[in-house]
Structures are given as structure tokens and as C-alpha cells.
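FYI, side chains are in, hydrogens and waters are out, and symmetry mates aren't considered; it's all heavy atoms of this structure. FYI, the numbering just counts along the sequence from 1.
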Amino acid sequence: MPSNLLFFIPASWIILVPLTLLISSVVFFAGLKIFMIEETITIFKKYFLKVFLSVFFSNLMCSVLIFLIGLIPNFGYLIYHNSFNQRSNLGILLTLLAIVVSILGNVILLYKIIFINLKINKTEKKYISIIIAIFCAPYILLSI
């Protein structure tokens, strides 16, 4: 179960938190540069921690969602039993669903809450939010 890595092996947080910070910062800075936003450095300094926390929260939300699905009686067994079966992709589909929920949650969190006072065009805010959410999604959960 992917979220076991987070909940039952606390040492993995030593790797995951700085990695999430690095990835979210690089993607946020690149998104600002792609849209040629003026005062990129000032905006980056003001919002990079908020973007990191948003990405981290949405990744954690995805992991918790997978964990909670696994706690449903008999359904968790069905998912894990079928995940290892080559003919059934139920576990992969539910993981993808959790990743999509994480992406949508992150876009809404960034666009509607975090970037509400950012002084750039609304379409640029929307596209930067989408870029951050897509590139910072917890795709690693598909391989665990």
C-alpha cells in the first residue's frame, strides 16, 4: 500500500519533504518564467512556501485517500488482491482516481485561495496553477 510508506516509515519523510519542496519550487519558478511574468523573483519569494504547502497537502490528501479506501472492509482486500493480478487493474484505477482528485484539489487550492491576491492576469493564474498541479502530482504512488 503506497501510503504505508508515509504513515509507517517516518524516515521516508526526510526524503519526501525536501524532494517535494524542490520539485514544487522548480515548477513554480518555471511556470512564472514561461508566462514571462514581471517581478518573477519577488513573486517567487512571496509564494514559494505557500505553493510547497499546497503541493504537499494535496499529495498527502491523495495518500490518505488511498489509505482510507484500503480500510473499507473487504474492499481493501479486493483491491490489493486484484492489484497483483495481471488481468485486473482496479488498484491502478483507484490510484489514478486519487491522483486526479489530488490534481483537482491542488488547482482549486492554488487558484481560488493561494493566488487570490497575486497581481497577474486570471488566465495566467489559472495556467500556472494547472502546471504546478500536474507536474507536482504524486505519480510515485503508481510505482509503489
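- In this structure, Tyr111 has its ring center at least 6.0 angstrom away from the ring center of Phe115.
- Taking CG of Leu32 as the start and CD1 of Ile120 as the end, the distance is 6.5 Å to the nearest 0.5 Å.
- Rounded to the nearest 0.5 Å, atoms CD1 (Ile23) and CZ (Phe135) are 12.0 Å apart.
- Cluster annotation: Leu104 and Leu97 are assigned to distinct hydrophobic clusters (Ile/Leu/Val/Met/Phe/Trp/Tyr, side-chain heavy-atom contacts under 4.5 Å, transitive).
- The ring of Phe48 has its center no closer than 6.0 angstrom to the ring center of Phe28.
- Counting only residues at least two apart or on different chains, no side chain to side chain donor-acceptor pair (under 3.5 Å) pair has a member in residues 24-48.
- Atom NZ of Lys50 sits about 11.5 Å away from atom CG of Leu109, to the nearest 0.5 Å.
- Expressed to the nearest 0.5 Å, how far CG of Leu19 lies from CG of Asn59 amounts to 10.0 Å.
- There is a path of hydrophobic side-chain contacts, each under 4.5 Å, that joins Val51 to Val17.
- To the nearest 0.5 Å, the span separating CG on Leu21 from CG on Leu16 amounts to 12.5 Å.
- Looking at Leu110 and Ile128, their side chains never come closer than 4.5 Å, going by heavy atoms from C-beta outward.
- Using a 4.5 Å cut-off between side-chain heavy atoms of Ile, Leu, Val, Met, Phe, Trp and Tyr, with links allowed through other members, Ile43 and Ile113 fall into the same hydrophobic cluster.
- Contact check for Pro138 versus Ser102: side-chain heavy atoms found under the 4.5 Å cut-off.
- Under a cut-off of 6.0 angstrom, the local environment of CZ in Phe35 is crowded, with over 12 non-hydrogen atoms contributed by other residues, nucleotides or ligands.
- Crowding of Tyr127 atom OH: a count of heavy atoms from other residues, nucleotides or ligands under 6.0 Å not exceeding 12.
- The two residues Ser129 and Val107 have their closest heavy-atom pair at O-CG2, 3.9 Å.
- Linking Ile, Leu, Val, Met, Phe, Trp and Tyr residues whenever their side-chain heavy atoms come within less than 4.5 Å places Phe29 and Leu49 in a single cluster.
- Between the CD1 atom in Ile34 and the CD1 atom in Ile37 there is a gap of 10.5 Å [rounded to 0.5 Å].
- Hydrophobic clustering (ILVMFWY, side-chain heavy atoms < 4.5 Å, transitive): Val100 and Ile134 are in distinct clusters.
- A search for side chain to side chain donor-acceptor pair (under 3.5 Å) contacts involving Ser54 returns Asn106, not counting sequence neighbours.
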